[in-house]
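Keep in mind that the numbers below use all heavy atoms, side chains included, and drop hydrogens, waters and symmetry copies. The chains referred to below are lettered A, B, ... by the order of the sequence lines, with proteins before strands, and numbering in each begins at 1.
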Amino acid sequence: MEKLIEQFSVGLFFWQTILFLVLVFILKKYAWKPILDSVSEREDTIRESLESAEKAKKELTELQSKNESLIIEAKIERDALLKEAREIKDKIVNDAKGEAKEEADKIVKAAYAAIEAQKSGAIAEMKSEMASLSISIAEKIIRKELSSDEQQKSLANELVADLKLN
Amino acid sequence: MVIRQVIMQFTRALFFLAVLVLIQPVFLTASEHSEHASDSTESTQIVYQEPAQDGMSMKQEIKAHIQHHLQDGHDFHLYTDTETNTHVGFPLLVILLDDGVQVFSSSRFHHGESVAESNGNFYALHHGKVYKTDAAGTFEMRDGHVHNEKPLDFSITKNVFSIMAFALMLILLFTGAARSYKKSLVPSGSAKFLEPLIIFVRDEIAIPNIGEKHYKRFMSYLLTVFFFIWLVNLFGLTPLGINVTNSISVTFALAVMTFVITQFSGKKEYWKHIFWMPGVPVPMKILLAPIELLGVFIKPFALLIRLYANITAGHIVLMSLIGLMFIFHSWIGSTLSFGLSVFISFIELLVAALQAYIFTMLTALYFGSAVAEHEDH
């Protein structure tokens, strides 16, 4: 202990204190503060980058699942639309078919009716024609009868032949 | 913590070994020492004024050399050639507060061999200390002590010069590192090496001991202390013979700074734990107060002694082992002590970093106790 006190030098103590304090202040201003600030700034940047990367990853997966569900939804909707369209088409086609059939039936019916009408008309006309023809024949026969018997006979044969031809 | 304990145990064991090694040369030189002791009371001669050729044995020369190495000096002394008695080094500034301020070059002392004159005052060196003498340079010796007047010595001694050099080195090194951050946040150059150390001090020393909330205020001091002690310890191991942390004045200055900062940042809780310990009965509170108060002063005292003793012991062991190489003068003994000194050198490299770590860690611990807000006892 005595030796320690003997060794103690006020001058060295004074210089060490002064120089060390100066050293602390210079290093604080020009070294420790810039270095520690840069280090903590970098640490913050790294932390933030990692966090934002994590966030982006999460968002991406979220987006992906969203997209997938969107696609599925779209598919379902498309299927539904297609189904509906098909139904409508079928309905239209069926309706059209029915209508067409009805129309056709109507037309056919009308055609039949027209044919029938024409036929009956024709028959009637033929009948009247035949009647008038018969009358004219009868007229002619009657006229011929008036001239001779033979002629009457031949005329009658002729007429019969004509009738047969008919 | 386990590793630290192991290291502490290891250093303690080494310290014991060091003491053993130290005792050996004392025994060896005991007989001669007693002879010299008798005539040193009469002689006013300084140990290293004695030329080696007149009777000074190898052992004593080594002992003197170690003593000289551990001492601060008024000139930057690298080595002495004892055969030609020439000194290699350069002189430094002597500043004395005596009869005004006396400033002169230490070359006037001629390495303690002559009396320096400044403004009509005469000064001479004895064991590296400046004393006021008469023109002839006589020392009044009583019981082996010099009783001359001692002027207040504010000289730029070897240690002061070294501290200045280290301060400059630290400034250049760390401002250089700081500059590299201006370009990019990614460290480059020296910052690449220094940054992990700075982060180590922050994350392993400051934050665990002081806490997230307050640690920033103390970072500058802790980092400076850590790197200063480490650098100084490392340079102490070089053959330049610079020893700063083995001067009690330097470690005392560091401990005083730690002490002052601790007391000034002490909060209500800190003082309460000293003078009125919470959670114990009143008689215990009264009993604990003086103990705690004593602890306030013992803590930094332990800090200064620990650093001083570790570094001094390391130097003594290392130099003794190197000295043993010359004493043994046989290839077995010399080789053995060479191997041992290499081994101790490696240990000293570890101790250099370890002492810097311990000093910084304990300083952080004291700061932590000063700013702690809610301690549970």
Report task. Please report the closest heavy-atom contact between A:Ile35 and B:Ala177, naming both atoms and the distance. Result -> CD1-CB, 4.1 Å
Query raised in the report: Which region of A:Leu19, side chain (C-beta onward) or backbone (N, CA, C, O), has a non-hydrogen atom less than 4.5 Å from a non-hydrogen atom of chain B, or is it both or neither?
Result: side chain
Query - B:Lys182 bridged to A:Glu41 by N-O distance under 4.0 Å - result: no
**Report entry** Straight-line distance of B:Glu195 CD to A:Ser38 OG, nearest 0.5 Å
**Finding:** 8.5 Å
Query raised in the report: What pair of heavy atoms forms the shortest contact from B:Met257 to A:Leu21, and how long is it?
Result: SD-CD2, 3.8 Å
Query raised in the report: Under 4.5 Å between any side-chain heavy atoms of B:Tyr221 and A:Phe20, yes or no?
Result: yes
Report task. Measure B:Arg202 against the heavy atoms of chain A and call it side chain, backbone, both or neither at under 4.5 Å. Result -> side chain
Query raised in the report: With only heavy atoms counted, which part of B:Ser155 is less than 4.5 Å from chain A, the side chain, the backbone, both or neither?
Result: backbone
**Report entry** Contact check, side chains of A:Gln16 and B:Ser247, non-hydrogen atoms, under 4.5 Å
**Finding:** no
**Report entry** A:Ile88: side-chain contact (heavy atoms from CB on, under 4.5 Å) partners, not counting sequence neighbours
**Finding:** A:Glu84, A:Ile92
Query raised in the report: B:Thr157, B:Val186, B:Leu194, B:Ile156: which one forms the most heavy-atom pairs within less than 4.5 Å of chain A?
Result: B:Ile156
Query raised in the report: Around A:Tyr112, counting heavy atoms of other residues, nucleotides and ligands shown, do more than 12 lie under 6.0 Å from its OH?
Result: no
Query raised in the report: Does a sphere of radius 6.0 Å around CD in A:Glu87 hold more than 12 heavy atoms from other residues, nucleotides or ligands, not counting ones at 6.0 Å or beyond?
Result: yes
Requested in this report: Against chain A, work out which of B:Val244, B:Ile305, B:Val256, B:Leu254 has the most heavy-atom pairs shorter than 4.5 Å and name it.
Outcome: B:Leu254
Query raised in the report: Within a radius of less than 6.0 Å around CZ of A:Phe8, do more than 12 heavy atoms belonging to other residues, nucleotides or ligands occur?
Result: yes
Report task. Measure across B:Ala253 and A:Phe13 and return the closest heavy-atom pair with its distance rounded to 0.1 Å. Result -> CA-CE1, 3.3 Å
Query raised in the report: Counting heavy atoms not belonging to A:Lys28, are there more than 12 under 6.0 Å from its NZ?
Result: no
Requested in this report: Answer yes or no: is there a side-chain heavy-atom contact under 4.5 Å between B:Leu223 and A:Leu36?
Outcome: yes
Query - CZ on B:Phe174 to CD1 on A:Ile26, rounded to 0.5 Å - result: 14.0 Å
Report task. Can you establish whether the number of heavy atoms outside A:Glu129 located under 6.0 Å from its atom CD is more than 12? Result -> no
**Report entry** Main-chain N/O of A:Ser9 paired to B:Ser249 side chain as donor or acceptor, under 3.5 Å
**Finding:** yes
Query raised in the report: What part of B:Phe166 is in contact with chain A, defined as an atom under 4.5 angstrom from a non-hydrogen atom: side chain, backbone, both or neither?
Result: neither
Requested in this report: For residues B:Ile199 and A:Val39, determine if any side-chain heavy atom of one lies less than 4.5 Å from a side-chain heavy atom of the other.
Outcome: yes
**Report entry** Top contributor to chain A contacts, counting heavy-atom pairs under 4.5 Å, from B:Val225, B:Thr224, B:Thr251
**Finding:** B:Thr224
Query - Nearest heavy-atom neighbours spanning B:Ile95 and A:Trp15 - result: CD1-CZ2, 4.3 Å
Query raised in the report: Side chain, backbone, both or neither: which part of B:Leu173 has a non-hydrogen atom closer than 4.5 Å to chain A?
Result: neither
**Report entry** Over 12 non-hydrogen atoms of neighbours within 6.0 angstrom of OH in A:Tyr30
**Finding:** no
Requested in this report: Give, as side chain, backbone, both or neither, the part of B:Phe228 having an atom under 4.5 angstrom from any heavy atom of chain A.
Outcome: side chain
Query raised in the report: Side chain of A:Trp32, backbone of B:Met219: donor and acceptor closer than 3.5 Å?
Result: no
Requested in this report: Go through the steps to decide whether B:Asp153 and A:Val10 satisfy the test side-chain contact (heavy atoms from CB on, under 4.5 Å), and finish with yes or no.
Outcome: CA-CA 7 Å; B:Asp153 188 356; A:Val10 178; over 6 Å; no
Query - Listed partners of A:Arg47 passing side chain to side chain donor-acceptor pair (under 3.5 Å), at least two apart - result: A:Asp44
Query - B:Ile163 CD1 to A:Leu12 CG distance, which is reported to the nearest 0.5 Å - result: 5.0 Å
Report task. Could you tell me whether A:Met130 atom CE has more than 12 heavy atoms of other residues or ligands within 6.0 Å of it? Result -> no
